[in-house]
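First the structure, in the form of structure tokens, and then the observations on it.
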Number of protein chains: 2
Amino acid sequence: MSESGSEVRKAARKVSTRQQDPEGTRQNIIEVASQEFALNGLSGARIDEIAAKTRSSKRMIYYYFGDKEGLYLSALESAYATVREGEAELDIAGLSAVDGLRRLVEFTFTHHHQHEDFIRMVMIENIHHGQYLERSSVVRDLNVTAIAHIKDLYERGLVEGQFRPGLDPLEIHWQISALCFFNVSNRATFSRLFARDFGAPDMLERLKQNTVEMVLRYVAKPGALGE
Amino acid sequence: MSESGSEVRKAARKVSTRQQDPEGTRQNIIEVASQEFALNGLSGARIDEIAAKTRSSKRMIYYYFGDKEGLYLSALESAYATVREGEAELDIAGLSAVDGLRRLVEFTFTHHHQHEDFIRMVMIENIHHGQYLERSSVVRDLNVTAIAHIKDLYERGLVEGQFRPGLDPLEIHWQISALCFFNVSNRATFSRLFARDFGAPDMLERLKQNTVEMVLRYVAKPGALGE
DNA sequence: ACCACAATGTACGAACTGGTTAGTTTGGTC
DNA sequence: GACCAAACTAACCAGTTCGTACATTGTGGT
């Protein structure tokens, strides 16, 4: 009784007075920091600005994350983690290899489009030559899932006789990533350069279908797509 | 005699004492600034650092470019200009549409690879949502050349009966750009994530051939590639 | 009831950084 | 050779920015 009673009291206090909530504070800081870093880059983001938008204070940032780079690294890891969770939603069981790959590409395209902050974090991290990612121990096993999906599909496609042999699943993943990533990462300059809105819904739909088609034509045996 | 004499004296002095060389100073600043911005981003680059690496001084930066953003914009324009010049080297006259497109893709892939600083500037500009590019009046007419090449090739391919109808040259350009750009822009994180060196010469060659094949399979009529 | 320690608030400072002020040198022209 | 605009130098300044020292409060265990 005393135990459950104190827990109830604790929970109630947590909600009402909102004091002493380490995990919440930590989470809140990461959320704010992620947005700021994604928007302004590592050097562009301001600790004071992040602190101000937080429910807590600058002191807490240094308490939990040590310094600016520590905070950036946590934000980066958080971005990858969030996207990984999202990727679990892809369902290609029960589909043919061709249909499965189609859905995978469509999913990736849309998923990237919906997670612009993640894309921006990856861009920023690439500007820094991936040096923080390298320091991270968390992120390593992450994209293995994506590759596993493609490898599975590709092998099924070979068995079903619709895919051509000799391709590398990792390289297919590379191509899909390139097309889907670029659509978000370079939209600004591309739109400006060609005076066309590459973010308009109908344009996005076209680009998505182009991407699907491009990947399928690359992987499929001649004639397997019913042309 | 007096005129040519003074010119000789002028040139000699220019070389020996290196004083009063506005265009040279300007150019030198841009070169240094481009490197620094490409390496560290707009907010990451330091005016003092740039000035120190220059043959002249910080004061000169403000004298010629007004402020940091002015310098960045000039560096950005310079990057686009340099790459445009390079693109003029592409020669596809006299080739069939298929061979021409193949060469175009190979050229673009290699060209992007050789101009990493340009790629990084474009990445950085995209982080800034292309706001500086928009302000620029110089860059506008630039990529028209690339599109013109592709449009020409595509139409020839239609006439030759090897390309399928209904495609948009701009969208083909988009796809080629995506694949070639990504290879440089995301190499760091991709290599780290999959513990493979995507910058190794043999890997690059594979990726280049994959890219060529992907584009050709997308554009060509079924059977036109002699499978 | 009390204590050790985790969590948090406040105020401050040293170094950095973009930008400027004030003045000097250079080279062409009449 | 006097003059002047353009090119250039050196020292400086004010606002910013990361990070910290110090003080205080809440909490769980005994």
Side-chain angles (χ1 to χ4, degrees), chain A residues 1-30 32-33 36-37 40-75, chain B residues 1-30 32-33 36-37 40-75:
Chain A
M1 179 199 163
S2 68
E3 201 185 349
S4 76
S6 80
E7 267 177 19
V8 168
R9 232 176 294 129
K10 197 200 300 176
R13 203 177 284 167
K14 214 183 250 177
V15 174
S16 61
T17 68
R18 209 188 308 156
Q19 288 169 338
Q20 296 273 112
D21 179 16
E23 198 45 47
T25 302
R26 220 189 135 84
Q27 202 51 44
N28 175 238
I29 291 175
I30 292 235
V32 175
E36 290 296 305
F37 281 127
N40 304 307
L42 172 51
S43 50
R46 301 296 161 209
I47 291 281
D48 284 305
E49 186 74 17
I50 294 172
K53 293 185 178 172
T54 292
R55 265 189 248 112
S56 60
S57 66
K58 182 159 70 157
R59 178 69 187 75
M60 285 296 94
I61 293 175
Y62 287 96
Y63 184 66
Y64 284 121
F65 304 99
D67 58 11
K68 196 185 188 184
E69 297 195 344
L71 180 59
Y72 169 78
L73 181 55
S74 292
Chain B
M1 176 195 163
S2 69
E3 199 186 349
S4 77
S6 79
E7 267 175 21
V8 169
R9 230 177 295 131
K10 196 201 301 178
R13 203 177 282 168
K14 214 184 249 177
V15 173
S16 60
T17 68
R18 210 190 307 152
Q19 290 167 340
Q20 295 272 113
D21 178 17
E23 198 45 47
T25 302
R26 219 190 134 85
Q27 203 52 44
N28 175 239
I29 292 175
I30 292 234
V32 174
E36 290 295 306
F37 282 128
N40 304 306
L42 172 51
S43 49
R46 301 293 160 211
I47 291 281
D48 285 306
E49 186 74 17
I50 294 171
K53 293 185 178 172
T54 292
R55 266 189 247 112
S56 61
S57 66
K58 180 158 74 156
R59 183 66 188 80
M60 282 297 94
I61 293 176
Y62 288 95
Y63 183 66
Y64 284 120
F65 304 98
D67 57 12
K68 196 185 189 185
E69 297 196 343
L71 179 59
Y72 169 78
L73 181 55
S74 291

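Residue numbering restarts at 1 for every chain, and letters A, B, ... go by the order of the sequence lines. Worth knowing before you read on, the calculation uses all heavy atoms, side chains too, and leaves out hydrogens, waters and symmetry mates. Fair warning: this is a prediction, and the values are worked out from it, not measured in the lab.
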Original post:
Listed by chain and number, what are the salt bridge (charged side-chain N to carboxylate O under 4.0 Å, His left out) partners of B/D48, not counting sequence neighbours?
Top reply: B/K58
Subject >> Contact under 4.0 Å: B/T25 side-chain N or O vs D/dC8 OP1/OP2 >> reply: yes
Subject >> side-chain hydrogen bond (donor to acceptor under 3.5 Å, both in side chains) partners of B/S43, counting only residues at least two apart >> reply: A/S43
Original post:
What is the distance from CD of B/E49 to C1' of C/dT17, rounded to the nearest Å?
Top reply: 12 Å
Original post:
Starting at CZ of B/R26 and ending at P of D/dA6, how long is that distance when rounded to a whole Å?
Top reply: 15 Å
Subject >> Strand contacts (DNA chain C) in residues 58-67 of chain A, 4.0 angstrom heavy-atom criterion >> reply: A/R59, A/M60, A/Y63, A/Y64
**OP:** Could you list the residues that satisfy ring pair (Phe, Tyr, Trp, His ring centres under 6.0 Å) with B/Y72, not counting sequence neighbours?
**Re:** B/F37, B/Y132
**OP:** Any salt bridge (charged side-chain N to carboxylate O under 4.0 Å, His left out) involving residues 62-74 of chain B? Give me the pairs, sequence neighbours left out, ordered by first then second residue.
**Re:** B/E69-B/R135
Subject >> For B/S56, side chain to side chain contact (heavy atoms under 4.5 Å, CB included) partners two or more places apart >> reply: B/T25, B/I29, B/T54, B/M60
Subject >> Phosphate OP1/OP2 of D/dT9: any B/S57 side-chain N/O under 4.0 Å >> reply: yes
Subject >> Sequence neighbours excluded - ring-ring contact (aromatic ring centres under 6.0 Å, His included) pairs with any residue from residues 45-64 of chain A >> reply: none
Subject >> Interface residues of residues 41-48 of chain B with DNA chain D (non-hydrogen, below 4.0 angstrom) >> reply: none
